[in-house]
Amino acid sequence: MLDEEKAAPPNPANDSSGNSSSEHLSETKPRPGFLSRFSDDLDPRLVYLPLLVCCLATGLTDGTLYNAYGTFVSMQTGNTVFVALGTSGQNNKPYGWARSLTSIGSFIVGCVTFSRFHALVGRGRQRRTVFISFLVQTIFVALAAGIIQGGLIDGRYPSRRDPSDVDFAELAPIALLSFQAAGQIVNSRGLGVAEVPTVVITTLLCDLVSDPAIFAPLAQNPKRNKRAVAFALTLVGAIAGGFISKATGLVQNSLWLVAAIKLAITVFWFFCGKEKKA
């Protein structure tokens, strides 16, 4: 009798009950929360797109600021030369070396800050890393535009102020814009897209034209493609910055446009797909 009970097949009712229980557990399993989304690593196939747009923003910013205040905020090679010329009193504008030195110093502080932030957060391709980084960049650009918009410094282009009249308040937007520009190149390194540094043209051009596969078909050389588009967008951005300043007679309009671009990129990082684990 006992042997027959032991040999009896399992009750289908009990089995189905077990299945339904497991199905119920799987159905009630909590879904990932809103905050957990920020822990995702971003899809590496998409992260280069916002960086190319950053090249356009760099051209807009430098094309505008150089015309208005005689200094760059992204490309520090030119600023280094301006500081060197200032030591012999050969700057085109009084205390032009001070503007360039402020830009270089703020850019260095920005690089240190953003890189340490990446190390603190954990990973350069993590959603929260780039989201917070670009949100900070957006705020800094908006602050710079707001300072000029508010009339704290002369935002007219061309300036009607006496060239010998030095306004050191101009250093404030220069510092803000240079600091945030550092975030772009730090992000390009963290995202693994070093071929699009976003703020450097010299090395980008060198890498582009010295590529042994420069004439390869489009699909076979994606790095070449990114470098070429990055150069073109930087050039277009600088041209647009000059035209906007000339057409409106104001400096801040280009900066508000850059702030809008940075905000759009920040939103993109939130919705960007996550990396698919193998």
Side-chain angles (χ1 to χ4, degrees), residues 34-35 37-65 73-75 106-107 110-111 113-115 117-118 121-146 173 176-201 204 222 225-241 244 252-275:
F34 174 81
L35 293 179
R37 181 180 181 84
F38 286 95
S39 299
D40 296 336
D41 282 344
L42 297 170
D43 188 340
R45 298 171 299 174
L46 303 174
V47 295
Y48 74 92
L49 293 171
L51 296 178
L52 291 177
V53 180
C54 283
C55 295
L56 178 69
T58 293
L60 273 168
T61 309
D62 271 345
T64 301
L65 266 289
V73 294
S74 300
M75 302 178 190
S106 301
F107 185 83
C111 287
T113 303
F114 282 104
S115 62
F117 169 71
H118 281 203
V121 171
R123 297 188 298 278
R125 199 150 39 84
Q126 204 166 28
R127 191 185 307 277
R128 66 168 172 258
T129 304
V130 291
F131 181 87
I132 295 173
S133 175
F134 273 84
L135 181 61
V136 170
Q137 293 172 44
T138 302
I139 293 170
F140 272 52
V141 176
L143 283 173
L176 289 168
L177 293 170
S178 299
F179 180 90
Q180 66 84 31
Q184 290 185 180
I185 190 167
V186 172
N187 283 130
S188 74
R189 297 297 191 266
L191 290 167
V193 193
E195 62 269 21
V196 185
T198 75
V199 298
V200 182
I201 288 296
L204 185 147
N225 302 341
K226 295 171 192 173
R227 292 182 182 119
V229 173
F231 173 74
L233 287 176
T234 305
L235 179 62
V236 169
I239 294 171
I244 292 172
Q252 64 267 25
N253 291 341
S254 293
L255 297 183
W256 286 121
L257 178 56
V258 172
I261 291 172
K262 290 290 181 95
L263 180 60
I265 293 174
T266 304
V267 174
F268 173 86
W269 292 129
F270 179 79
F271 291 103
C272 181
K274 66 179 181 179
E275 182 180 18

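The first residue in the sequence is number 1, and the count goes up from there.
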Shortest non-hydrogen contact from [X] toward [Y]:
X	Y	answer
Pro44	Val47	O-CG2, 3.6 Å
Cys111	Ala182	N-CB, 3.3 Å
Ala259	Thr138	O-CG2, 3.6 Å
Leu255	Ala145	CB-CB, 3.7 Å

Could you tell me which residues satisfy side-chain hydrogen bond (donor to acceptor under 3.5 Å, both in side chains) with [X], sequence neighbours excluded, listed by chain and number?
X	answer
Gln137	Ser133, Asn187, Lys262
Ser254	Thr64
Arg127	none

So, taking the atom named [atom1] in [X] and the one named [atom2] in [Y], what distance separates them when rounded to the nearest 0.5 Å?
X	Y	atom1	atom2	value
Gln180	Phe134	CD	CZ	9.0 Å
Ile261	Ile265	CD1	CD1	7.0 Å
Leu56	Leu257	CG	CG	7.5 Å

Could you pull out all residues at least two apart from Arg128 that satisfy salt bridge (Lys or Arg N to Asp or Glu O under 4.0 Å)?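 Per chain and number, Arg128 pairs via salt bridge (Lys or Arg N to Asp or Glu O under 4.0 Å) with no residue.
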
### Query
By salt bridge (Lys or Arg N to Asp or Glu O under 4.0 Å), which residues pair with Arg123, not counting sequence neighbours?
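With neighbours one apart ignored, the set is Asp41.
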
Next on the checklist: According to salt bridge (Lys or Arg N to Asp or Glu O under 4.0 Å), does anything in residues 182-195 pair up with another residue at least two apart or in another chain? List the pairs.
Outcome noted: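 Counting only pairs at least two positions apart or across chains, the salt bridge (Lys or Arg N to Asp or Glu O under 4.0 Å) contacts touching residues 182-195 are Glu195-Lys226.
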
Pairwise salt bridge (Lys or Arg N to Asp or Glu O under 4.0 Å) hits with a residue in residues 43-52, at least two apart
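Applying salt bridge (Lys or Arg N to Asp or Glu O under 4.0 Å) to every pair that reaches into residues 43-52, excluding sequence neighbours, yields Asp43-Arg45.
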
* Asked: Are any side-chain N or O atoms of Asp62 and backbone N or O atoms of Val73, one a donor and one an acceptor, separated by less than 3.5 Å?
  ->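 Pair found, side chain donor or acceptor close to backbone of Val73.
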
_Can you classify the ring geometry of Phe38 versus Phe131 as parallel (below 30°), tilted (30 to 60°) or perpendicular (above 60°)?_
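The rings of Phe38 and Phe131 stand perpendicular, inter-plane angle above 60°.
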
**Asked** Can you find a heavy atom in the side chain of Val53 that is under 4.5 Å from one in the side chain of Leu233?
**Response**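 No, too far: nothing below the 4.5 Å cut-off.
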
- Message: Between Phe140 and Leu177, does the side chain to side chain contact (heavy atoms under 4.5 Å, CB included) criterion hold? Intermediate values first, please.
- Response: CA-CA 7 Å; Phe140 272 52; Leu177 293 170; over 6 Å; no

Scan the side chains in residues 267-274 for donor-acceptor partners under 3.5 Å anywhere in the protein, sequence neighbours excluded, and list what turns up.
none

[X]: side chain to side chain contact (heavy atoms under 4.5 Å, CB included) partners, not counting sequence neighbours:
X	answer
Asn253	Ile244, Thr248, Leu250
Thr198	Leu51, Cys54, Cys55, Gln184, Val196
Thr129	Phe117, His118, Val121, Gln126
Ser115	Val186

